[in-house]
Amino acid sequence: MSAPDTFDLIILGAGPGGYVAAIRAGQLGLKTAIVEREALGGICLNWGCIPTKALLRSGEVYEALDHLGEYGVSVQGRAYDFEAVVQRSRKVAQQLSAGVAFLMKKHKASVIEGVASLVKGASAPQVKVALKGGGERLLTARNVILATGARAREIPAAGLVADGERIWTYRDAMVPKATPKSLLVIGSGAIGIEFASFYRALGVEVTVIEALPRILPQEDAEISAAAQAAFEKRGLAFRVGANVKKLSRTGGGVAAEIEREGKTERLEAERAIIAVGIVANLEGVGVEALGLACERGHVVVDAHGATNVPGLYAIGDVAGPPWLAHKAMHEAVHCVEHIAGVAGPRTPAPIPSCTYSTPQIASVGLTEDQAKAAGRKVRVGRFPFRVNGKAIAAGETTGLVKTLFDAETGALVGAHMLGAEVTEMIQGFALAMTLEATEAEIFATVFPHPTLSEVMHEAALAAYDRPLHI
Ligand code: NAD
């Protein structure tokens, strides 16, 4: 039986923004349709967050074999089957996408497979769907949420255009037939660094090229520098302050012409990954026809996700930075609660950022430079993993935790971490910031011993010149 054409809510896109919006809408009793052109779970589950974590895990397991001797363990020989590595990652993605299908069913959302576009309606825009199986369907609702996500940015003028064979986007980089001998990674944001880390773990010669003066430029400068040093130890090469002027195919691979400190250098490799940011998927959403207000390539929204078009909301990547799945999910819940009239006041929650390389990087709140630029006087604490008992026992001593507290109020204003499992720990600081904790509450918190998380406690104590174990 086909679903009815009139809904309370129609959601365009079933990525983490869209499918979470559908779940919350189901919980609140809204009759909801969700339109997806590709696969449930969007980029995050199918081509982003999740399958890359599976690849990275394979890389970590393989690379860890280099250090078995340190643990008193030895094995005879080692090898990886790249096809099996990729297959595992695809299986993980499929399992989670199937999980989203289950969740849509559970919350009674009508999943419509096809390409949606917005057309002018009597009140909210109407949704026209070119159905996957052929034919068209027109849907109406009082409210529509745009959650169409984003895709890899390409820069044609510099030849930064994927060909799927030698020049890859993140999608191509996830499913190649074999590992290349050498690889250029253009861009050192989370995507570039995660792929660089993965391929390096499998023994590929990787060079990361970054236009800005340091890698992971969104992170605290001290963490960027420590991360680069740790990556170099693993054999990764970097060119920072290096703009790719031209990327082209050569006889058997690729070549990048880079400009650095006024000089030109040519780098060659078998393959290249373009990781120079992302652009919002705004095609067909009626930017012109509906007069949808956009700014710097994304939809302009208010605190509830409302656009300038009545009845139309936007969440996640299409609504602007930070382009993170957890930001999309957070916005989804608030947006639907606002539509249903049950939302509480929206207080801006700090959004943590995580890069799942070896070692990992995680942060929340202001960097030291941002705090200074905002005119805030801060107390800074630092504590290294190398003196932490659990880190030493686990053989994971790389990295540090850095904390920033407002010098007057004691409020935690930022935390920055480099090391093993820091992406699992940053939530402690995110919660502290959400609860507006000061140094006193963090000091008073009991951190279990022995854990890596004790370094968080020590970094807070260090900001007040009273660390215990150093
Ligand atoms: P990004 O914007 O974070 O990084 C792109 C980098 O490329 C920048 O540092 C930029 O200076 C550099 N660059 C641009 N043009 C260049 C050129 N011509 N030559 C050399 N360098 C150049 O983008 P991304 O890494 O592609 O990721 C896209 C988005 O997805 C980001 O917002 C990221 O946070 C998000 N993401 C997050 C995760 C995660 O949370 N683990 C993982 C993947 C992606």
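Note that ligands are numbered from 1 as they come in the structure, with each ligand's atoms numbered from 1 the same way. Quick note: numbers below take in every heavy atom, side chains included, and nothing from hydrogens, waters or symmetry partners.
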Visitor: Are any of the heavy atoms in P322 under 4.0 Å away from ligand 1?
Guide: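 False for this residue.
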Visitor: Looking at R382 and A459, would you say the former's side chain and the latter's main chain have a donor-acceptor pair under 3.5 Å?
Guide: no
Visitor: Show me which atoms of ligand 1 lie under 4.0 Å from any heavy atom of Y356.
Guide: 41 (N)
Visitor: Within ligand 1, which atoms have a heavy atom of A242 less than 4.0 Å away?
Guide: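 Within the 4.0 Å cut-off of A242, ligand 1 contributes 19 (N), 20 (C).
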Visitor: Could you go through residues 267-274 and list every donor-acceptor pair under 3.5 Å that involves a side-chain atom there, pairing it with any protein atom two or more places apart or in another chain?
Guide:
residue : atom : partner : partner atom : Å
E268    : OE2  : R266    : NE           : 3.1
E268    : OE2  : R266    : NH2          : 3.0
E270    : OE1  : K181    : N            : 3.1
R271    : NE   : E165    : O            : 3.1

Visitor: Is there a donor-acceptor contact under 3.5 Å from the side chain of R90 to the main chain of N46?
Guide: yes
Visitor: Please indicate whether any nitrogen or oxygen in E194 is less than 3.5 Å from any nitrogen or oxygen in ligand 1.
Guide: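 The answer is yes, given that E194 and ligand 1 share an N or O pair closer than 3.5 Å.
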Visitor: Would you check if the side chain of S224 reaches a backbone N or O of L216 as a donor-acceptor pair within less than 3.5 Å?
Guide: yes
Visitor: Who's closest to atom 5 (C) of ligand 1 heavy-atom-wise, of A275, G241, G159?
Guide: A275
Visitor: Could you walk me through whether E205 and R200 pass the salt bridge (charged side-chain N to carboxylate O under 4.0 Å, His left out) check?
Guide: CA-CA 6 Å; E205 282 166 36; R200 182 63 207 146; over 6 Å; no
Visitor: Is a side-chain donor or acceptor of E441 paired with a backbone partner of T438 at a separation under 3.5 angstrom?
Guide: yes
Visitor: For the 3.5 Å polar cut-off, considering only N or O atoms, please tell me whether N243 and ligand 1 meet it.
Guide: yes
Visitor: When you measure from the side chain of S97 to the backbone of L40, do you find a donor-acceptor pair of N or O atoms at a distance under 3.5 Å?
Guide: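 Judged by distance alone, yes, a pair lies under 3.5 Å.
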Visitor: Among S353, A190, A256, which one puts a heavy atom closest to atom 42 (C) of ligand 1?
Guide: A190
Visitor: What I want to find out is whether E454 reaches K390 closely enough, with some N-O distance under 4.0 Å, to be called a salt bridge.
Guide: no
Visitor: By number and element, which atoms of ligand 1 are closer than 4.0 Å to a non-hydrogen atom of I209?
Guide: 20 (C), 21 (N)
Visitor: Answer with yes or no whether G48 contacts ligand 1, where contact means a heavy atom under 4.0 Å from a ligand atom.
Guide: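 Judged by the 4.0 Å heavy-atom criterion, G48 does not count as contacting ligand 1.
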Visitor: Looking only at distances, can you tell me whether any N or O atom of P217, backbone or side chain, sits closer than 3.5 Å to an N or O atom of ligand 1?
Guide: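 Such a contact does not occur with ligand 1.
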Visitor: Do any N or O atoms from the side chain of K402 and from the backbone of G414 form a donor-acceptor pair under 3.5 angstrom?
Guide: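 Flag not set: sc K402 to bb G414 has no pair under 3.5 Å.
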Visitor: Taking atom NZ of K91 as the centre, does the number of heavy atoms from other residues, nucleotides or ligands within less than 6.0 Å exceed 12?
Guide: no
Visitor: For atom 3 (O) of ligand 1, which of S188, G189, C49 has the closest heavy atom?
Guide: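 Going through S188, G189, C49 one by one, G189 has the nearest heavy atom to atom 3 (O) of ligand 1.
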Visitor: Write out the residue and atom name of the closest protein heavy atom to atom 10 (C) of ligand 1, then the distance separating them to 0.1 Å.
Guide: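 Answer for atom 10 (C) of ligand 1: E210 OE2, 3.4 Å.
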Visitor: Regarding atom 25 (O) of ligand 1: of the candidates I191, L324, I274, which has the closest heavy atom?
Guide: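 Result: the heavy atom closest to atom 25 (O) of ligand 1 is in I191.
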Visitor: In the protein, what heavy atom is nearest to atom 16 (C) of ligand 1, and what distance, to one decimal place, separates them?
Guide: V276 CG1, 3.7 Å
Visitor: Cation-pi between R153 and W323: NZ/CZ under 6.0 Å from ring centre and within 45° of the ring axis?
Guide: no
Visitor: Going by the atom numbers of ligand 1, which of them fall below 4.0 Å from some non-hydrogen atom of L212?
Guide: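 Atoms satisfying the 4.0 Å criterion: 11 (O).
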Visitor: Identify, for atom 21 (N) of ligand 1, the protein heavy atom at the shortest distance, and state residue, atom and that distance.
Guide: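 Sorting protein heavy atoms by distance from atom 21 (N) of ligand 1 puts A211 N, 3.1 Å first.
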Visitor: Is the closest heavy atom of A158 to ligand 1 under 4.0 Å?
Guide: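 No, that is not the case, since the closest heavy atom of the residue is not under 4.0 Å from the ligand.
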Visitor: For atom 29 (C) of ligand 1, what is the closest protein heavy atom, and at what distance to 0.1 Å?
Guide: I278 CD1, 3.8 Å
Visitor: Of all residues at least two apart in sequence or in a different chain, which pass the side-chain contact (heavy atoms from CB on, under 4.5 Å) check with V309?
Guide: P125, L290, L292, T307, L312
Visitor: For ligand 1, which atoms sit closer than 4.0 Å to a heavy atom of C354?
Guide: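 Here the atoms of ligand 1 in question are 39 (C), 40 (O), 41 (N).
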Visitor: Identify, for atom 30 (O) of ligand 1, the protein heavy atom at the shortest distance, and state residue, atom and that distance.
Guide: W323 O, 3.7 Å
Visitor: Is there a polar contact, in the sense of an N or O pair closer than 3.5 Å, between G277 and ligand 1?
Guide: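 Between G277 and ligand 1, an N or O pair is found under 3.5 Å apart.
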Visitor: Please say which of E424, E60, E194 ends up in a salt bridge (charged side-chain N to carboxylate O under 4.0 Å, His left out) with K53.
Guide: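 Exactly one option meets the salt bridge (charged side-chain N to carboxylate O under 4.0 Å, His left out) with K53, and it is E194.
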Visitor: What protein heavy atom is closest to atom 7 (O) of ligand 1, reported as residue, atom name and distance in Å?
Guide: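 Closest protein heavy atom to atom 7 (O) of ligand 1: G187 CA, 3.2 Å.
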Visitor: Does any N or O atom in I155 lie less than 3.5 angstrom from one in ligand 1, N or O only?
Guide: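 No - when backbone and side-chain N and O of I155 are compared with those of ligand 1, no distance drops under 3.5 Å.
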